[in-house]
Amino acid sequence: MGELKQKLATMSPEKRLYTLETLPTHFGEAGQFERLYRLLTDFDFIEAKLEALGVQALIQDYEFVGNITPCPFQEKLGDELPAPAKTLTLIEETMRLSAHILAADKTQLAGQLWGRLMAFELLGIQALLAQVKQQNKPWLRPLTSSFTPPGTPLRRTLNGHTDWVDAVAISPDGQQVVSASSDNTLKVWDLQKDMEKCTLTGHTDLVNAVAVSPDGQQVVSASSDNTLKVWDLDKGVEQFILTGHTDWVSAVTISPDGQQIVSASRDNTLKVWDLDKGVEQFTLTGHTDWVSAVAISPDGQQVVSASRDKTLKVWDLDKGVEKFSLTGHTTWVNAVAISPDGQ
């Protein structure tokens, strides 16, 4: 048993929790950076804090280090070469990659650290893994570096839906993600903390598509229950429901000015809705099969729809009439996008 583990074992539950919660911040604010570094590379501390406070509290410790200016870990610290900042970054990224697993099963910590870090030869990493190896609890030890390692494009896995995730949208400020799922729900995620904020429930069938308003205040979801729902993104509550389609609503988009919603449906139509009043303005008809996708031009004047009738159609959004059809595909058209210049 390590020295830290021994000290924690002698504390009352209240003092132990307080110590685990505040010790990294205490060391950092006191300028005791070598002690802070040793703490955050100590398997006993990582394991104890995970068990007591959860994985997000651990990640926040490493974020705290990253916010210290200037960074005290860029130069040699004790016998650590190269800069210890790299070691702390690798551990932080490993905790993020493993977060969805550790949230479900904290006993996976040793295997996650080993499987993601064993290929790194930094002294701090190897010292941490030596501690992992010495623990006396049963654990699954990967023989090769077979888990996704830190340093790859994958940052974190957001876990919580119980069926397919069909669509996703990001708020204009980049702070939140909204996901739509075949489990009939939407989930709102905090993109900075990489954690779920709330679940939006109310649809009675698959949620196929989602859009966030340009001001980031509202979410519009499209469902196989033939409806769209408008939600208050900040409060996480339903504002109103849009009814009128007679088959699945397969796609949805919001005009650049945030005034109109355009939905596409398996009933072969598109509908244009007033987002403020929550009422239908008009229906766009002309497709002879499902409408799979829809996009609005950057100037908000035109709508382009994609259909399983092998065509795209361009519509005048102000007048609500078809301008022309784009033909040439030999099977279903599943998606559509418009260039930023609107051309």
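Quick caveat: nothing in here was measured; it's all calculated off a predicted structure.
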Is it the case that one hydrophobic cluster holds both L270 and L317, taking links as side-chain heavy atoms less than 4.5 Å apart, direct or via other members? yes
Pair K137 + E47, salt bridge at N-O below 4.0 Å: yes
Please determine if E63 and R96 form a salt bridge, counting it only when a charged side-chain N lies under 4.0 Å from a carboxylate O. yes
Parallel, tilted or perpendicular for W290 and W332, by the 30°/60° rule? tilted
Using a 3.5 Å distance criterion without hydrogens, assess whether the side chain of D166 forms a donor-acceptor pair with backbone atoms of S182. yes
Salt bridge (charged side-chain N to carboxylate O under 4.0 Å, His left out) involving E93 - partner list, sequence neighbours excluded: none
Looking just at side-chain N and O atoms, do Q301 and D318 make a donor-acceptor pair shorter than 3.5 Å? no
Has the side chain of S145 got a donor or acceptor atom that lies under 3.5 Å from a matching backbone atom of M118? no
Would you check, one step at a time, whether the test side-chain hydrogen bond (donor to acceptor under 3.5 Å, both in side chains) holds for N159 with T157? CA-CA 6 Å; N159 191 45; T157 300; over 6 Å; no
With a 6.0 Å cut-off (strictly less than), is the heavy-atom count around CG of L326, excluding the residue itself, greater than 12? yes
Between T227 and D225, is there a side-chain donor-acceptor contact under 3.5 Å, judged purely by atom types and distance? yes
Applying side-chain hydrogen bond (donor to acceptor under 3.5 Å, both in side chains) to S250 and not counting sequence neighbours gives none
Do the side chains of K106 and E51 get close enough for a salt bridge, i.e. N-O under 4.0 angstrom? no
